Amino acid sequence: MSKTKNLYIKTFGCQMNVYDSERMATSLGAEGYSEVSSPEEADMILLNTCHIREKAAEKIYSDLGRYKSLKAKNPDLKIGVAGCVAQAEGEEIIRRQPLVDIVVGPQAYHRLPAMIKSVENGKKSIDTDFPEEDKFEYLPSAPKMKRAPSAFLTVQEGCDKFCAFCVVPFTRGAEMSRPVSQIFNEAEGLVERGVRDITLLGQNVNAYHGPMGSADATLPQLIKELSKINDLKRIRFTTSHPNDMTQELIDAHGEVEKLMPYLHLPVQSGSDDVLTAMNRKHTAKSYMEIIEKLRFARPDIALSGDFIVGFPGETDKDFEQTLELVREIKYAQAYSFKYSTRPGTSAADSKKQVPEEIKSERLAKLQNLLSQHQKEFMGSMVGRILPVLLERPGRMDGQLVGRTEYLHGVHATIDQAQIGDIVNLRILGADTNSLRAEFVSF
Ligand code: SAH
Ligand code: SF4
Ligand code: F3S
């Protein structure tokens, strides 16, 4: 092998990009690249990008602009753009920013090593195919080194739902599910490296239908398979669509002890008119019914959601219905966004765009309410004894940082335990973003 080269990866967007970046780093590791933490040291810079809102996509070009001086200093520096902007914009990226050498879409990551070779020979390389072959079969698995106790694992990719605002069906392609055995092996490999908490990822993860033997498994079946791995202690999944929340999956929340009592289930809006215009194919009521069933199956379940304000045609009354739904459900955590027009989506041409000031006003109101609930939920942890997975050392001597079943960060000074342990901690107080606790028992 030739001498090691330095790779700098910067990840934008969702958890799937975090997972993909890790797989790309492993794959390039096999080609002699080792990861560094600053672009100044790099021989190769890879931006793993997100196209979901305009701001996210535009940010890439300002970042790329900043690398100009680095390339002037080091003419051998290679710059690659991966992820959803790469898929959506393809060669347009190189037209706008000629210092880019590689543009690679999410379904072509296994071809990255070959693309780099072509760039080393002086040719720019673009691949935004949706290839026949399964990239997961070709991406190398990570070396057996200890790693952090929480990990993401993609089990499903792509989306066939075509919500009127969303680019994902275009950037990630059609829905596909990985085979159960492939996922099981990867999960076992992660657990051998110290992982205790796995979040199963998919754009539409509860539509999972990967092959198991001669039939297709459902997500709850996959979860039950994975729960057989002894040292895997916690299982989560994200992101789900309300229409794929089957009774079997709801029941699994009551049956599988390792499945965490926390679910991210985006609703986007509380108005049926807006939901119809969004092509969500569910109503506010049908969503509420799912939540009711979930709370019946698992009374301590906490919910998280996504919201869009200012979707074309959204009236004050529609927005009020969103606030009502939020008041009713009381999310433990939520993400909310102003509607952003995305090229190629069906809402983009709507003549009923909502003015920017109104979007900002609504967003502020909604976020105010959501953060009030979030604080209340976090506050309700104080005084309780909770199982916490210890994830990393804290800033203070002897301090460890972990996570509750509800994903709250917890700081505690503990000397008996180590990273990867699940310990019972008494929650002493809640700060803005995390909890403070003391050790109770193993
Ligand atoms: N697959 C997931 C969501 C993917 S995108 C799902 O179906 O829930 C994550 C979130 O970004 C969405 O839930 C939505 O709230 C938000 N989003 C997507 N497109 C958007 C747009 N054009 N403008 C504003 N927010 C958007
Ligand atoms: Fe986008 Fe809708 Fe698919 Fe989620 S379900 S990825 S919001 S199109
Ligand atoms: Fe963004 Fe692509 Fe994820 S658009 S949210 S990185 S699937």
Side-chain angles (χ1 to χ4, degrees), residues 10-21 47-60 81-89 104-107 109 128 152 154 156-176 200-208 237-245 263-270 274-275 277-282 287 303-312 314 322 331 333-350 353-354 356 359-360 362-363 366-367 370:
K10 186 166 176 185
T11 307
F12 302 81
C14 62
Q15 292 141 323
M16 195 173 285
N17 269 8
V18 175
Y19 173 83
D20 288 342
S21 288
L47 299 185
N48 194 3
T49 63
C50 175
H51 200 245
I52 202 81
R53 285 168 290 276
E54 192 182 352
K55 264 202 195 130
E58 281 306 311
K59 201 172 174 319
I60 306 310
V81 177
C84 290
V85 177
Q87 189 61 46
E89 297 187 1
V104 59
Q107 302 314 332
Y109 291 158
T128 53
F152 297 127
T154 293
Q156 180 280 336
E157 197 168 343
C159 180
D160 298 338
K161 296 256 190 296
F162 292 94
C163 297
F165 50 82
C166 185
V167 291
V168 170
F170 308 101
T171 62
R172 291 278 169 173
E175 228 175 82
M176 66 73 73
L200 307 176
L201 296 182
Q203 268 84 40
N204 217 344
V205 72
N206 56 343
Y208 175 84
F237 59 91
T238 197
T239 302
S240 299
H241 190 284
N243 290 358
D244 293 311
M245 245 11 252
L263 179 68
H264 183 63
L265 192 64
V267 65
Q268 315 296 354
S269 166
V274 173
L275 289 170
M278 284 177 165
N279 192 33
R280 289 287 293 183
K281 298 197 171 88
H282 61 79
Y287 178 84
L303 294 153
S304 131
D306 288 345
F307 296 88
I308 295 177
V309 299
F311 184 78
E314 186 188 65
T322 299
Y331 290 89
Q333 158 81 34
Y335 303 91
S336 45
F337 314 96
K338 285 192 259 185
Y339 169 72
S340 166
T341 306
R342 305 310 293 129
T345 60
S346 62
D349 302 326
S350 171
Q353 301 295 334
V354 173
E356 198 54 32
K359 284 191 208 170
S360 303
R362 288 181 186 164
L363 186 68
L366 176 61
Q367 290 190 334
L370 290 167

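Every number for a ligand or one of its atoms is a count from 1 in the order of the listing. Please read these numbers as outputs of a predicted model, since none were measured by experiment.
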> Only heavy atoms of His241, strictly under 4.0 Å: list the atoms of ligand 2 that pass.
5 (S)

> For ligand 1, note which part of Ser340 has a heavy atom under 4.0 Å away: side chain, backbone, both or neither.
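Both the backbone and the side chain of Ser340 come within reach of ligand 1.
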
> Give the atom numbers and elements of ligand 2 that come within less than 4.0 Å of a heavy atom of Phe165.
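Near Phe165, the atoms of ligand 2 are 7 (S).
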
> Suppose we measure from atom 3 (Fe) of ligand 3 to each protein heavy atom; which comes out shortest, and what is that distance?
Cys14 SG, 2.3 Å

> Only one of Glu314, Met278, Gln353 forms a side chain to side chain contact (heavy atoms under 4.5 Å, CB included) with Tyr339, so which one is it?
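Filter result, single survivor: Gln353.
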
> What are the atoms of ligand 1, with element, lying closer than 4.0 Å to any heavy atom of Arg53?
11 (O), 16 (C), 17 (N), 23 (N), 24 (C), 25 (N), 26 (C)

> Return the closest protein heavy atom for atom 2 (Fe) of ligand 3 as residue, atom name and distance.
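So the nearest neighbour among protein heavy atoms is Cys84 SG, 2.2 Å.
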
> May I ask you to check whether over 12 heavy atoms, not counting those of Glu54, lie within 6.0 Å of atom CD?
no

> Could you pull out, from Gln87, His51, Arg342, Arg172, the option with a heavy atom nearest to atom 7 (S) of ligand 3?
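It is Arg172 whose heavy atom sits nearest to atom 7 (S) of ligand 3.
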
> So do the side chains of His241 and Lys281 get within less than 4.5 Å of each other, counting heavy atoms only?
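SC-SC contact between His241 and Lys281 ruled out.
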
> For residues Phe337 and Phe311, establish whether the separation of their ring centroids is below 6.0 Å.
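Aromatic pair excluded; centres sit 6.0 Å or further apart.
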
> Mind running side chain to side chain contact (heavy atoms under 4.5 Å, CB included) on Thr171 and Arg342 for me, showing each step along the way?
CA-CA 12 Å; Thr171 62; Arg342 305 310 293 129; over 6 Å; no

> With a 4.0 Å heavy-atom cut-off (strictly under), which part of Pro266 contacts ligand 2: side chain, backbone, both or neither?
neither

> Inspect the surroundings of NZ in Lys55 and state if more than 12 heavy atoms from other residues, nucleotides or ligands are less than 6.0 Å away.
no

> Should the heavy atoms of other residues, nucleotides or ligands under 6.0 Å from OH of Tyr335 be counted, would the total exceed 12?
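Counting other residues, nucleotides and ligands, OH of Tyr335 stays at 12 neighbours or fewer.
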
> Any idea which part of Phe165 is under 4.0 Å from ligand 1, heavy-atom wise: side chain, backbone, both or neither?
both

> Among all protein heavy atoms in this structure, tell me which lies nearest to atom 4 (Fe) of ligand 2, with the distance rounded to 0.1 Å.
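So the nearest neighbour among protein heavy atoms is Gln203 O, 4.4 Å.
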
> For the backbone of Cys159 and the side chain of Asn204, can you confirm whether one donor and one acceptor N or O come within less than 3.5 Å of each other?
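Not confirmed, Asn204 side chain does not pair with Cys159 backbone.
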
> How far is atom 10 (C) of ligand 1 from its nearest protein heavy atom, and which residue and atom name does that atom have?
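Nearest neighbour among protein heavy atoms for atom 10 (C) of ligand 1, to 0.1 Å: Asp306 OD2, 3.4 Å.
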
> Run through Arg53, Lys359, Arg362 and flag the one making a side chain to side chain contact (heavy atoms under 4.5 Å, CB included) with Lys338.
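Only one of Arg53, Lys359, Arg362 forms a side chain to side chain contact (heavy atoms under 4.5 Å, CB included) with Lys338, namely Lys359.
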
> Please find the pair of heavy atoms, one from Cys84 and one from Arg172, that lie closest to each other, and give the distance.
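What the structure gives for the nearest pair is SG-NE, 3.5 Å.
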
> Give me the residue, atom name and distance of the protein heavy atom closest to atom 6 (S) of ligand 3.
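Looking at atom 6 (S) of ligand 3, the protein heavy atom closest to it is Asn17 ND2, 3.3 Å.
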
> Which pair of heavy atoms, one from Ser240 and one from Pro266, lies closest together, and at what distance?
O-CD, 3.3 Å

> Could you check if a side-chain atom of Lys161 sits within less than 4.5 angstrom of a side-chain atom of Asn279, using non-hydrogen atoms only?
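No, too far: nothing below the 4.5 Å cut-off.
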
> Among all protein heavy atoms in this structure, tell me which lies nearest to atom 6 (C) of ligand 1, with the distance rounded to 0.1 Å.
Thr239 CG2, 3.7 Å

> Nearest to atom 1 (N) of ligand 1, what protein heavy atom do you find, and at what distance?
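Scanning the protein heavy atoms, the shortest distance from atom 1 (N) of ligand 1 goes to Gln203 O, 2.6 Å.
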
> Out of Met16, Lys161, Lys359, Lys338, whose heavy atom is nearest to atom 24 (C) of ligand 1?
Lys338

> How long is the gap from CD1 on Ile52 to CZ on Phe165, to the nearest 0.5 Å?
8.0 Å

> Do the side chain of Gln156 and the main chain of Gln203 share a donor and acceptor less than 3.5 angstrom apart?
yes

> With a 4.0 Å cut-off on heavy atoms, is Asn204 touching ligand 1?
no

> Any chance you could measure Asn17, atom CG, to Phe152, atom CZ, to the nearest 0.5 Å?
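Between atom CG of Asn17 and atom CZ of Phe152 there are 11.0 Å.
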
> Return yes when at least one N/O/S atom of Cys163 is nearer than 2.8 Å to atom 1 (Fe) of ligand 2, and no when none is.
no

> Gln87 and side chain to side chain contact (heavy atoms under 4.5 Å, CB included): which partner among Val104, Val81, Thr128, Val167?
Thr128

> Exactly one of Val205, Thr238, Thr154, Asn48 should register a side chain to side chain contact (heavy atoms under 4.5 Å, CB included) with Met16. Which one does?
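Answer to the side chain to side chain contact (heavy atoms under 4.5 Å, CB included) test with Met16 among Val205, Thr238, Thr154, Asn48: Thr154.
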
> Near atom 1 (Fe) of ligand 3, is there an N/O/S atom from Cys50 that is less than 2.8 Å away?
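True for Cys50.
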
> Name the closest protein heavy atom to atom 3 (Fe) of ligand 2, giving the residue it belongs to and the distance to 0.1 Å.
Cys159 SG, 2.2 Å

> Suppose we measure from atom 1 (Fe) of ligand 2 to each protein heavy atom; which comes out shortest, and what is that distance?
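Ranking protein heavy atoms by distance from atom 1 (Fe) of ligand 2, first comes Cys166 SG, 2.3 Å.
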
> Is the closest heavy-atom distance from Met16 to ligand 3 below 4.0 Å?
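Outside the 4.0 Å threshold, so no.
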
> Could you list the atoms of ligand 1 found under 4.0 angstrom from a heavy atom of Arg342?
22 (N)

> Relative to atom 8 (O) of ligand 1, which among Ser269, Gly13, Pro266 owns the nearest non-hydrogen atom?
Pro266

> What atoms of ligand 3 come within less than 4.0 Å of a heavy atom belonging to Gln203?
7 (S)

> For ligand 1, which atoms sit closer than 4.0 Å to a heavy atom of Tyr339?
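That gives atoms 23 (N), 24 (C) of ligand 1.
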
> Could you tell me whether atom 4 (C) of ligand 1 has a protein heavy atom closer than 4.0 Å?
no

> Which of the numbered atoms in ligand 2 are under 4.0 angstrom from any heavy atom belonging to Pro169?
8 (S)

> Going by the atom numbers of ligand 1, which of them fall below 4.0 Å from some non-hydrogen atom of Gln268?
12 (C), 13 (O), 14 (C), 15 (O)

> Identify, by atom number and element, the atoms of ligand 2 in contact range of Val168, meaning under 4.0 Å from any of its heavy atoms.
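Once the distances to Val168 are compared, the set is 6 (S).
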
